[in-house]
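Quick notes on the structure that follows.
In what follows, every heavy atom counts, from backbone to side chain, and hydrogens, waters and symmetry copies are set aside. Lettering follows sequence order; numbering is per chain, from 1. Keep in mind the model is a prediction, meaning the values are calculated, not measured.
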Amino acid sequence: MAASYNPSIVETPIYEWWEKNNFFSPGNPQNEPFTIIMPPPNLTGALHLGHALTVSIEDALTRWHRMLGHDTLWLPGVDHAAIAVNALIEKQLREEGKSRHDVGREAFLDRTWAFVEANRSRISTQHKRLGASADWQREAFTADAERELSVRTTFKNLYDDGLIFRAERLINWCIGCRSAISDIEVEYDDEDGSFWYIKYLLDDESGESVTVATTRPETIPADVAVAVNPNDERNAHLIGKKCVVPTTNRIIPIIGDDAIDIELGSGALKVTPAHDQIDFDIGERHGLEIINILNPDGTLNELAGEYAGLSLDATRQLIVQDMENLGLIERADPYTHAVGHCQRCSTIVEPLVSEQWWVDAKHLAKPAIQAVTSNQINFVPSRFQKTYLRWMENIRDWCISRQIWWGHRIPVWYCADCGHLTVSITDRDSCESCDGVNINQDEDTLDTWFSSGLWPHSTLGWPKELHEDLKRFYPTQVLETGYDIIFFWVARMIMLSIYNMDGVPPFDTVYLHGLVRGADGKKMSKSTGNIVDPLEAIETYGCDGLRYALISGTSPGNDQKLTDDRLESGRNFANKLWNAGRFVISLREQHKDKITTAYSEPALEDVWISSRLAELTEEVDRLLTNYELSEALRQIRDFFWDDFADWYLEIAKIRIRNEDYTPLTVLTETYEMTLRLVHPFMPFISEEIWQRLQKSIVGSNEQQALIVASYPNSQEINIKKEPDVLDQFDAIQEFIRSIRNIRSENKVDTARKIECFIVTSEYTNEVRNLSDAIKSMTRIDPLHIVSEVNQAPTDQVVSQVTNGGTVIVPLGGLFDLEVERKRLNEDLQIIRQEIERQNQKLDNREFREKAPEPVVQKELDKLEAAKAKAVSISARLDELITD
RNA sequence: GGGUGAUUAGCUCAGUUGGUUAGAGCGCUUGCUCGACACGCAAGAGGUCGUUGGUUCGAAUCCAAUAUCGCCCA
């Protein structure tokens, strides 16, 4: 084995071997299932660190459950990302000087499918590189034939139930995508603008005017009324009169409406129902006409009169200028207002009235709210339950039609003869009402989230209700994703799954992770240049190193910064595992014939490491059950590095050097179990070493698999847990640390062996049993074990008092009386402060009465220990003074 | 404006039923070729847990204000 771990030559062959052996598919039909459906990444672009985090978490949960023996399925897939891919292909076309309309729908889709095929395989290759133990045989695609069937079936059922309908309403029109988008696809940014106060002249001889305040003068050509509050003394008398729209000179009514904010602006609002939600509502209440002045490309249409053909920006400048020339502008105040931008293409979104397909979200939300309030679905962390409920309780109808070509085409056919509308799961060539063949399918496609909303059951075979997977794996256990898509995805899945699956929610637990940010704390993006490519990180640090870094940096729902430091410590941990394994295996090979499996009389350290391991397995089980992955990993690391490698292994070395080969058994068992514990987090290195270790244990060349080995359980540890041993070993560690500290503080040459006295009555046996280890680890010789301080010399010695006794090291010529006196005085100071604190605590009558007994006892013990320490230190000080 | 999160060592973060001497990694100081590992070993230094007030025998932890930064929604 190489002296350092080289992940790049280990990882790929192991993954291929796992896959070849079909370990990723569920294979324990007799056991209870555990299912995670993978959030399908978008087809566009490469996988980023967010995906790497998703994989790290979901794979850890999957591997853990697989090792627990569950019938485990992690089902992968890809999302067709309708708008994003459509935009990407359109961009390609634009670069060739063409539009999608130039090439036509069919050629456009051919081209898109070619892109899709190329990218799908790249995404699964990258997932495999991240070590995802997902069942690739079941890989799904939101736009494949099975999923199309589920989409159309859902559409048809919702339509038949009256929950999908077509209506003309105000929608968000993305000028870049040339499509409607849903409310949550609009992102608002504050932008500086102006609040213009504009005079609308009354349509009479009075010469009077009403002053309207607006941030959007460019929509003036679409005005159909001016509204004032009937309670507004300034304006109420105008109600019922008419006024003239500036520049276009149409005559419009002045109406009264309670909803008008008297305080805002001039108190008079121009009403533009086609281009503003509030105005649209006012228009509905008053039966106003709707004038839409926008073309799909964001320019103004012929209804805008002289401004037709101009952009909104250009119109604003021009119309303001025109009105100024007419003396209609009273003033313009600086004003900050929220401007909507498209989530996908960042261009400005315009409110606009249009006929679209809608889902009655309020109706679907009811049982989806119920599923969460009744705790059928739980959020981790729980605070996101509130986020979810708040949104669901205020949900608005969901606009699902998109004027783009890439996506699920709306399964609706319009009859030119009778006007009937046929909604069908299968393609139609005749009208279901009049049988006429003069029908056309709806040109629009569905919101990409409509198909991903079906994901938990569409991937398992729905609507084929007898599908084995659906029966076996629905509902799933965990849905793991980023908190940024609770509304887009999680909420829709809950609504649509409950609707399609007879009221059964799609999963029990929603685990939400945070964003992975750059080392600078900013969101990773190309423009800030702080992107870490997961594949590059894998090249440098290994897949396990990356996964370690991601898992150890994450806690549910919180963002994390990924730094090189953390990646390095992941790589270092992998290397540490590797080297310990290398050492254990080489020891076994060297002493093959001396290994026994009997440990009738385990040594203190054997019992200690076994007890610690038992504690660890119980703790890891508890933590993983509570989704505290980073804490579980941290504890495994600490156990392995501190307890196993730095203490147990070091002592074992000494024993083996002294021809005591019994530690080899515990050494191997502990190390082997550690590999199993760490496997869900660092699958490659653990599998690699585990297999080598198995060969050395079993002695056969048959390749075994850690991935399907059992997850450690404290019951399987041969040496049972003994709580007393933890204290005993702790005392030994303290003695060793004290001696090392004395050596270091007094600058005793590393190589030089010195004499030492350990004064203890409580731990005499333990010190005696471990004396070889103590001597070797501290380079002392001889070691005297005595029960009284007066059995040790007092001249030119340095001493340190521990909880288990006192360490006394004669230093001879290296001894510095002043240094030692100073140090002892400092120690005494500290211990006296502690005694003070303890006394204060214990003198408090209320504490002694109200605190639980064990807590009081613990404080009493601490006081006693501190007092004993103080006595020893003062005694030693007295000796120094009398010297 | 409403909601929500963060604020703990120089940096990045743990601290999940209130009871430790407040922990880790990185960085820092000192010393190390004792049978794996310098991606390592050993010994250290470093924190009045944002501020104020409250609840409690006891608060980093619970409550209320407040400040700063962030996110979501309107």
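Nucleotides B:rU4 and B:rA42, compared at atom P, are 46 Å apart to the nearest Å. Straight-line distance between the P atoms of B:rG1 and B:rU66: roughly 12 Å, to the nearest whole Å. Using atom C1' as the reference point in both B:rU21 and B:rG15, the two lie 16 Å apart (nearest Å). Straight-line distance between the C1' atoms of B:rA64 and B:rG27: roughly 39 Å, to the nearest whole Å. Comparing the same atom, C1', in B:rC49 and in B:rC13 gives a spacing of 13 Å after rounding to whole Å. Look at the P atom in both B:rC26 and B:rC39: the space between them is 12 Å, to the nearest Å. Nucleotides B:rC28 and B:rG35 are separated by 28 Å at their P atoms, to the nearest Å. To the nearest whole angstrom, the two C1' atoms, one in B:rG18 and one in B:rG58, are 8 Å apart.
When the P atom of B:rG44 is taken as reference, atom CG of A:N741 falls 4 Å away, rounded to whole Å. Put simply, NZ on A:K576 is 7 Å from P on B:rG40, counting in whole angstrom units. A:E745 has its CD atom 10 Å from the C1' atom of B:rU30, to the nearest Å. A:D642 has its CG atom 14 Å from the P atom of B:rG23, to the nearest Å. Going from atom CD1 of A:I830 over to atom C1' of B:rA45 covers 13 Å, rounded to whole Å. Between A:Q733 atom CD and B:rA43 atom P the separation is 10 Å, expressed in whole Å. The interatomic distance linking A:E846 (CD) with B:rC57 (C1') rounds to 5 Å, in whole Å.
If you check every strand for non-hydrogen atoms under 4.0 Å, A:R571 touches a base. Among the protein residues, A:P854 comes within range of no part of the nucleic acid, since none of its heavy atoms lies under 4.0 Å from any strand. Nucleic acid contact for A:Q590: base, since at least one base atom lies under 4.0 Å from a heavy atom of the residue. In this structure, A:D638 reaches neither bases nor backbone, as no heavy-atom distance under 4.0 Å exists between it and the strands shown. Residue A:E849 is out of contact with every strand shown, counting any heavy-atom pair closer than 4.0 Å. Within 4.0 Å of A:R390, counting heavy atoms only, lie sugar-phosphate atoms of the nucleic acid but no base atom. If you check every strand for non-hydrogen atoms under 4.0 Å, A:E650 touches a base. A:T750 comes within 4.0 angstrom of the backbone, heavy atoms only, and of no base. When heavy atoms are screened at a 4.0 angstrom cut-off, A:K747 is found touching no nucleic acid atom at all. Across all strands shown, A:A751 has no heavy atoms under 4.0 Å from either base or sugar-phosphate atoms. Within 4.0 Å (heavy atoms only), A:R779 reaches at least one base atom of the nucleic acid. Nucleic acid contact for A:K561: sugar-phosphate only, since backbone atoms but no base atoms lie under 4.0 Å from a heavy atom of the residue. Residue contacts shown for A:L649 include a base, since a base heavy atom lies under 4.0 Å away.
When distances run from any side-chain atom of A:K653 to the nucleotides B:rC39, B:rA42, B:rG35, the shortest one goes to B:rG35.
Within the shown strands, B:rU52 is the pairing partner of B:rA64 under the Watson-Crick or G-U definition, both distances less than 3.5 Å. Nucleotide B:rG1 forms a Watson-Crick or G-U wobble pair with B:rC73, both donor-acceptor distances falling under 3.5 Å. With a cut-off of 3.5 Å on both Watson-Crick or G-U wobble distances, the partner of B:rU21 is given as none. Of all nucleotides present, none satisfies the Watson-Crick or G-U wobble test against B:rG46 with each distance under 3.5 Å. Pairing for B:rC41 goes to B:rG31, judged as Watson-Crick or G-U wobble with the two contacts each under 3.5 Å.
Residue A:N844 has no polar side-chain atom (N or O) positioned under 4.0 Å from OP1 or OP2 of B:rG58. The side chain of A:N579 contributes no N or O atom lying less than 4.0 Å from OP1 or OP2 of B:rC39. Between A:W641 and B:rC41 there is a side-chain polar atom (N or O) within less than 4.0 angstrom of OP1 or OP2. A:K386 has a side-chain polar atom (N or O) that falls below the 4.0 Å cut-off from OP1 or OP2 of B:rU4. Look at A:S555 and you'll find a side-chain N or O under 4.0 angstrom from OP1 or OP2 of B:rA14.
For A:R396, the CZ atom is loosely surrounded, since the number of other residues' heavy atoms within 6.0 Å does not exceed 12. Applying the 6.0 Å contact sphere to CD of A:E849 captures more than 12 heavy atoms from other residues, nucleotides or ligands. For A:I697, the CD1 atom is densely surrounded, since the number of other residues' heavy atoms within 6.0 Å is greater than 12.
Under the 3.5 Å distance criterion, with hydrogens and angles disregarded, no donor-acceptor pair is assigned to the side chains of A:H275 and A:E350. A side-chain donor from one of A:D559 and A:Y483 sits under 3.5 Å from a side-chain acceptor of the other. In the model, A:R655 has a side-chain atom that pairs as donor or acceptor with a side-chain atom of A:T662 under 3.5 Å. For the residue pair A:Q385 / A:S382, no side-chain donor-acceptor distance below 3.5 Å is found, with atom types taken as modelled. In this model, a donor atom of one side chain and an acceptor atom of the other lie less than 3.5 Å apart for A:D281 and A:Q277.
Judged by closest nucleotide on RNA chain B, A:V855 is the one of A:D749 and A:V855 placed further toward the 5' end. When each of A:H591 and A:Y5 is assigned the nucleotide of RNA chain B bearing its nearest heavy atom, the one mapping closer to the 5' terminus is A:H591.
Relative orientation of the A:W391 and A:F487 rings is parallel, given thresholds of 30° and 60° on the angle between their planes. Between A:Y335 and A:H337, the angle of the ring planes lies from 30° to 60°, which puts this pair in the tilted group. Between A:F573 and A:Y548, the angle of the ring planes lies from 30° to 60°, which puts this pair in the tilted group.
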Give each protein N/O atom lying under 3.5 Å from an N/O atom of nucleotides 70-74 of chain B, with the pair distance.
none

